Amino acid sequence: MSQYQLLETAFYQQPTLQLAKELLGCTLVKISTEGTTAGYIVETEAYRGPHDRAAHSYNNRRTKRTEIMFKEAGHVYTYVMHTHCLVNVVSGEVEQPEVVLIRAVEPCEGVELMVERRGAMALKNLTSGPGKLTKAMGITMEDYGRRFDESPLFIAKGVAPEEISVGPRIGIANSGEAKDYPWRFWITDNSFVSR
DNA sequence: TGGAAGATGGTCT
DNA sequence: GACCATCTTCCAG
């Protein structure tokens, strides 16, 4: 898709908290046989390796599921939560299991296809949550292990956000002191953030 | 090998 | 705000 300018591999090789902020406003794109869907990333969360109790890689837990987190920055980490698939960007050095969770996007291409996949919904409900956006964009476990710097699932340049808000992460109440870390970032006043 | 837990979302009260 | 759908992963026994 030539109208999209892919982010270089080097973009992913910055500190995880910074990457989480830099990803805001970038364009997440998925190309499938049904068509292309794309959205501006408006909300992210950072999960930082061995010392973050909320991370799957806490205490260097290395399993079949978390294996990808130990690889180079820029890989795709998808996993299933209840009935939904969630998508993350691997960051950090090799052997440093850190990721950025993409929690919400603002649709910018393929809205009709998103509506079809999600069922008739208000525009604001299409992609305003980590499980919603993967369903709307057709992101599944098939994408596990791919790279964000190449088709069919990639991230391209977008628009710089005017203002960024910071706060504690969502849905990790059982993670002890980690639940209060201010590692959630979103574009201030954007109506597509998850809550 | 069975059971419990989980970075969620939709529905109903 | 509470409940549950539904599935993978992991660990105890």
Side-chain angles (χ1 to χ4, degrees), chain A residues 12 16-17 19-21 23-24 28 30 37 39 41-71 73 75-92 96-107 114-146 148 153 155 164-187 190-195:
Chain A
Y12 301 97
T16 299
L17 292 179
L19 178 63
K21 279 181 278 193
L23 280 169
L24 294 175
L28 179 66
K30 175 68 192 277
T37 51
I41 297 170
V42 300
E43 181 180 359
T44 60
E45 282 180 4
Y47 286 85
R48 304 186 63 203
H51 307 295
D52 178 2
R53 282 185 60 180
H56 294 153
S57 53
Y58 176 61
N59 209 17
N60 267 326
R61 210 156 94 114
R62 190 166 190 150
T63 65
K64 185 180 179 183
R65 178 176 72 163
T66 62
E67 182 63 34
I68 198 70
M69 300 172 79
F70 292 81
K71 293 192 183 296
H75 278 93
V76 178
Y77 172 41
T78 51
Y79 85 97
V80 174
M81 172 59 173
H82 286 6
T83 55
H84 305 278
C85 185
L86 277 60
V87 62
N88 301 252
V89 182
V90 175
S91 66
Q96 187 182 333
E98 303 191 349
V99 301
V100 176
L101 167 68
I102 299 174
R103 281 194 62 87
V105 305
E106 174 178 341
M114 292 187 187
V115 170
E116 188 180 317
R117 284 169 171 156
R118 296 263 298 130
M121 305 278 297
L123 183 62
K124 279 189 300 189
N125 279 338
L126 279 182
T127 55
S128 55
K132 297 178 192 176
L133 76 92
T134 54
K135 181 167 187 187
M137 298 187 66
I139 297 170
T140 68
M141 288 306 291
E142 293 284 305
D143 294 303
Y144 181 95
R146 284 177 171 157
F148 279 112
L153 175 62
I155 297 174
I164 292 174
S165 295
V166 178
R169 295 171 292 179
I170 301 292
I172 55 167
N174 291 330
S175 298
E177 74 284 350
K179 74 175 171 32
D180 296 321
Y181 296 169
W183 290 351
R184 173 176 176 239
F185 306 94
W186 68 96
I187 297 178
N190 185 289
S191 59
F192 292 89
V193 298
S194 60
R195 55 179 91 170

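So that the names make sense, note that chain A is the first sequence line, chain B the second, and so on, each numbered from 1. Everything numeric in this text was worked out from a predicted model, so none of it was measured.
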Participant: Using a distance-only test with no angle check, is there a side-chain donor-acceptor pair under 3.5 angstrom linking A:K124 and A:S128?
Facilitator: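 No - no donor-acceptor pair under 3.5 Å links their side chains.
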Participant: Both A:M81 and A:R65 contact DNA chain C. Taking the nearest nucleotide for each, which residue is further toward the 5' end?
Facilitator: A:M81
Participant: What nucleotide, of B:dA7, C:dC11, C:dA5, holds the atom closest to the side chain of A:T83?
Facilitator: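 The answer is C:dA5, which lies nearest to the side chain.
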Participant: Can you tell me the distance, in whole Å, between the CG atom of A:L86 and the P atom of C:dC7?
Facilitator: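 In whole Å, C:dC7 P and A:L86 CG are 16 Å from each other.
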Participant: What is the distance from CZ of A:R169 to C1' of B:dT8, rounded to the nearest Å?
Facilitator: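 Result: 16 Å.
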Participant: Just verifying a value: how many Å separate A:Y77 OH and A:F70 CZ, rounded to the nearest 0.5 Å?
Facilitator: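 The distance works out to 10.0 Å.
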Participant: If you only use heavy atoms from C-beta on, which nucleotide in C:dC11, B:dG9, C:dT6 is closest to the side chain of A:H84?
Facilitator: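 Nearest to the side-chain atoms of A:H84, counting from C-beta on, is B:dG9.
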Participant: For a quick test of reading the model: is some side-chain N or O of A:H56 closer than 4.0 Å to OP1 or OP2 of B:dA7?
Facilitator: yes
Participant: Tell me whether the count of non-hydrogen atoms from other residues, nucleotides or ligands lying under 6.0 Å of CD in A:E142 goes above 12.
Facilitator: no
Participant: Compare side-chain N and O positions of A:N174 against OP1 and OP2 of B:dG6 and report whether any pair is under 4.0 Å apart.
Facilitator: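 For B:dG6, OP1 or OP2 has a side-chain N or O of A:N174 closer than 4.0 Å.
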Participant: Would you mind classifying the nucleic acid contact of A:I172 as base, sugar-phosphate or nothing, using non-hydrogen atoms under 4.0 angstrom?
Facilitator: sugar-phosphate
Participant: May I ask you to verify if any side-chain N or O of A:R118 is less than 4.0 angstrom from the OP1 or OP2 atom of B:dG10?
Facilitator: yes
Participant: Would you check, one step at a time, whether the test side-chain hydrogen bond (donor to acceptor under 3.5 Å, both in side chains) holds for A:R48 with A:T16?
Facilitator: CA-CA 7 Å; A:R48 304 186 63 203; A:T16 299; 5.0 Å; no
Participant: How many Å lie between CZ on A:R48 and C1' on B:dA7, as a whole number?
Facilitator: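 Rounded to whole Å, this separation is 17 Å.
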Participant: How close or far is atom P of C:dT8 from atom OH of A:Y144, stated in whole angstroms?
Facilitator: 15 Å
Participant: Within less than 4.0 Å of OP1 or OP2 of C:dC10, is there a side-chain N or O belonging to A:T63?
Facilitator: yes
Participant: Name the residue from A:N88, A:V87, A:I68, A:T66 that meets the side-chain contact (heavy atoms from CB on, under 4.5 Å) definition with A:Y79.
Facilitator: A:N88
Participant: OH of A:Y79 versus C1' of C:dT8: gap in Å, rounded?
Facilitator: 11 Å
Participant: May I have the distance from A:H82 (atom NE2) to C:dC4 (atom P), rounded to whole angstrom?
Facilitator: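 Going from A:H82 (NE2) to C:dC4 (P), I get 13 Å.
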Participant: Separation of A:Y47 atom OH from B:dG6 atom P, in whole Å?
Facilitator: 13 Å
Participant: Considering Watson-Crick and G-U wobble pairs with both distances under 3.5 Å, what does B:dA7 pair with?
Facilitator: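 Because no pair has both required distances under 3.5 Å, B:dA7 counts as unpaired.
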Participant: To the side chain of A:K132, which of B:dG10, B:dA7, C:dT9 is closest?
Facilitator: B:dG10
Participant: Using atom NZ of A:K179 as one end and atom P of B:dG6 as the other, report the distance to the nearest whole Å.
Facilitator: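 For the pair A:K179 NZ and B:dG6 P, the rounded distance is 15 Å.
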Participant: May I ask you to say what A:R53 touches in the nucleic acid, namely base, sugar-phosphate or nothing, with a heavy-atom cut-off under 4.0 Å?
Facilitator: nothing
Participant: Would one find a side-chain N or O of A:R103 under 4.0 angstrom from OP1 or OP2 of B:dT8?
Facilitator: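 Checking A:R103 against B:dT8: at least one side-chain N or O falls below 4.0 Å of OP1 or OP2.
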